Amino acid sequence: MSHNIPDRVKRRVEDILSRYPRREAALLPVLSALQEERGFLSHSDEEWAADTLGIPPAKVREVVTFYSLFRRKPAGRHHLQVCTNVSCALNGADGLLSHLRKKLGIAEGETSADGRFSLSSVECLGHCDEAPCLMVNDEHYGRLDRRALDELLEKLE
Amino acid sequence: MNREDELFLTRDFGLDHLHRLETYVSRGGYRAAAKALKTMTPDAVLEEVKAANLRGRGGAGFPAGIKWGFVPRGTDALRYLCVNADEGEPGTFKDRFLMSHNPHLLLEGAILASYAVGIRTAYVYIRGEYESIARRLETAVSEARASGWLGDHIAGTGFGLEVFVHRGAGAYICGEETALLESLEGKRGHPRLKPPFPASIGLFRCPTVINNVETLCHIPGIIRHGAEAFLKRGLPRDGGTRIFSVSGAVARPGCYELPTGSSLRELIYERAGGVRDGRKLKAVIPGGLSAPMLTENEIDVRMDGDSLVEAGSMLGSGAVIVIDDETPMTLVLEKITKFYAHESCGQCTPCRVGTAWMARIAARLRAGRRRNGDVDTLHRLASGIKGRTLCPMGDAAALPVLALVAKFRDELERSS
Ligand SMILES: Cc1cc2nc3c(=O)[nH]c(=O)nc-3n(C[C@H](O)[C@H](O)[C@H](O)COP(=O)(O)O)c2cc1C
Ligand code: SF4
Ligand code: FES
């Protein structure tokens, strides 16, 4: 079976494996490394992880579907995750989210037609002091209002 | 600088490069580790932490020394330390604050805990969203290894420790200690039935200590200055300081370090600048989202575990969320119930079904489509979850709803 896993990922996985006394314990970091490469986890990624760690593919699928940061479909180039928990809601998060929906023409869970943006609402991101806040891929942005958000969107190609 | 000041975790947080080993060491960092490893027995370290009666800062408030004492002694068997850096309780951001300003303080705390318990491998389980902080921790680990503060023969002694940073992947329940262990073993974050407790059967079936980031950050100060100095701060039975995360409708949201037992009203009005935009205070969630809310006339309370339980709430993670008088309680209810419905791991029927049902009702109330009996149903559902689940998350989902219904029933009943 050919899985198309680049060598640099294989090397990273070797390093990850050295940190745990049991191979299967490396599953989360291994999946994260695979997802970083392609932006999502393909069927073949899951199989490769299962083979490499010596666990049944069904176990891998169980884990992939349990954790919210794993994706089985590509997201947009800029994946917007808007916190809508209490502290952010007290600072206008719902308004920001509906502004984004209108402006991008997509709902939560969708990707814009040009592949530039995808949108989701998430639970507390641990940056409530910067409410309302969101993440774009791995970056945090806080204290947003519509204007600041519009400016941010323009900067994201 | 007197000793009292040195017991403040955040004393040096204004410094530019505190996260670098060099700066940390120049401020007295790793001196506690050197002192312990060279001049104290593991038992002496354990006894000092027991004497300080350091209560856990992660939510449950269990004394760290007693927990460490549960790990079987006098064997060479493998055992582990898991640092709980999952920080998912809504309103909480103190561990992020601590790790980003001073990652070496956490590492020094981990060295001391591991030395006391005879641990040689530690994992920091950090929530997946804290990517930049995980990187900062990794850098700190490399620095510490390069200078002999981690690895074999720490400070030239026979004691060695490896620390690995392990990133989660987005699941609030993995902050619960046994779910964290499952997750670290590469599985879904499903809480385990207790007993056995992790101190006897934990990670990879080995005895395991699990502590919150802030708990471990207090250890170096306790070892350097002694339990007595720690206990002089705060309350006689619940000593030291705590870092309160204050957010919501306040003028100056942020982390504030105060002695345990400080006044909630002062924390809100004097530290956090009071309610934003000249509005009035309507309610406060005093200990993270799962803590039952207090109303304006209930906030003259001390911020320590016992006082808050007496006031009908809990200190939890020390996260204070302030709600202003222009915020409809249906909004708060909707957010609380949606959170638990989303994060339930699904193992127990009352939690899985109850949280989803509560969220549907709350969404209806918020949209102004209340049906007769909705508020009573909410109350019945929350009561049905409470005390009937495998892990404490069931209670965490039920208690805030019960408090909200008890204290704001009229407003909820008017919501259509
Ligand atoms: C649903 C749930 C979520 C939790 N989340 C966290 C968390 O994010 N961080 C944390 O330190 N403790 C969390 N806890 C508490 C842990 O189970 C455990 O008590 C704590 O990590 C022990 O450390 P401590 O004694 O130093 O406080 C959570 C508990 C429950 C029930
Ligand atoms: S109470 Fe909820 S979160 Fe805890 S084990 Fe049961 S279903 Fe899972
Ligand atoms: S509530 Fe939005 S980051 Fe915490």
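Order of the sequence lines sets the chain letters (A, B, ...), proteins ahead of strands, with each chain counted from 1. Values in this document were obtained by computation on a predicted structure and should not be read as measured data.
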Salt-bridge contact [X]-[Y] (side-chain N to carboxylate O under 4.0 Å):
X	Y	answer
B:K335	A:D94	yes
B:E138	A:R19	yes
A:E62	B:K187	no

Contacting moiety of A:E130, where chain B heavy atoms sit under 4.5 Å: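 Contact with chain B: side chain only.
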Heavy-atom side-chain proximity of [X] to [Y] below 4.5 angstrom:
X	Y	result
B:H166	A:Y20	yes
A:H127	B:F93	no
A:D138	B:Y130	no
A:P29	B:F164	no
A:L69	B:E129	yes

Side chain / backbone / both / neither for [X] at chain A, heavy atoms under 4.5 Å:
X	result
B:I173	side chain
B:K338	both
B:R96	side chain
B:C174	side chain
B:E326	neither
B:I321	side chain
B:T327	side chain
B:V250	neither
B:Y123	side chain
B:L203	neither
B:Y172	neither
B:R127	side chain

For chain A, which of B:S247, B:A319, B:G346 has the most heavy-atom pairs under 4.5 Å?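 Of the candidates given, the most pairs with chain A belong to B:S247.
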Between B:G88, B:A249, B:G189, B:G168, which shows the greatest number of heavy-atom pairs under 4.5 Å with chain A?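 Result: the option with the highest number of such pairs is B:G189.
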Give me the contact list for residues 148-157 of chain A versus chain B, heavy atoms only, anything under 4.5 Å, ordered by residue number.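 Contacts with chain B: none.
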At under 4.5 Å between heavy atoms, what parts of residues 74-91 of chain A are in contact with chain B? List them by residue number.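 When heavy atoms of chain B are the reference, residues 74-91 of chain A contributes A:T84, A:N85, A:V86, A:S87, A:A89, A:L90, A:N91 within the under-4.5 Å range.
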Can you sort out the partners of B:Y125 under side-chain hydrogen bond (donor to acceptor under 3.5 Å, both in side chains), two or more places apart, ordered by chain and number?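 Counting only residues at least two positions away or on another chain, B:Y125 forms a side-chain hydrogen bond (donor to acceptor under 3.5 Å, both in side chains) with B:S183.
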Which distance, rounded to the nearest 0.5 Å, do you find between the SG of A:C124 and the CZ of B:F339?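 Atom-to-atom, A:C124:SG and B:F339:CZ are 7.5 Å apart.
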Separation of A:H140 NE2 from B:I133 CD1 (nearest 0.5 Å):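 Nearest 0.5 Å value for the CD1-NE2 distance: 7.5 Å.
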Output the option from A:R23, A:M135, A:Q35, A:R22 having the highest count of non-hydrogen pairs under 4.5 Å with chain B.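 The candidate making the most pairs under 4.5 Å is A:R22.
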Could you go through the side chain to side chain contact (heavy atoms under 4.5 Å, CB included) check for A:E24 and B:E185 one step at a time? CA-CA 7 Å; A:E24 66 267 28; B:E185 291 181 1; over 6 Å; no
Counting only heavy atoms not in B:R271 (residues, nucleotides, ligands), do more than 12 fall under 6.0 Å from its CZ?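 At most 12 heavy atoms, drawn from other residues, nucleotides or ligands, come within 6.0 Å of this atom.
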Considering residues, nucleotides and ligands other than B:R205, do more than 12 of their heavy atoms fall under 6.0 Å from its CZ?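 12 or below, so no.
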Which heavy atom of B:A171 sits nearest to which heavy atom of A:F66, and what is that distance?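 For B:A171 versus A:F66, the nearest heavy atoms are CB-CE2, 4.0 Å.
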Interface residues of residues 279-287 of chain B facing chain A - heavy atom cut-off under 4.5 Å: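 Listed by number, there are no contacting residues, so the answer is none.
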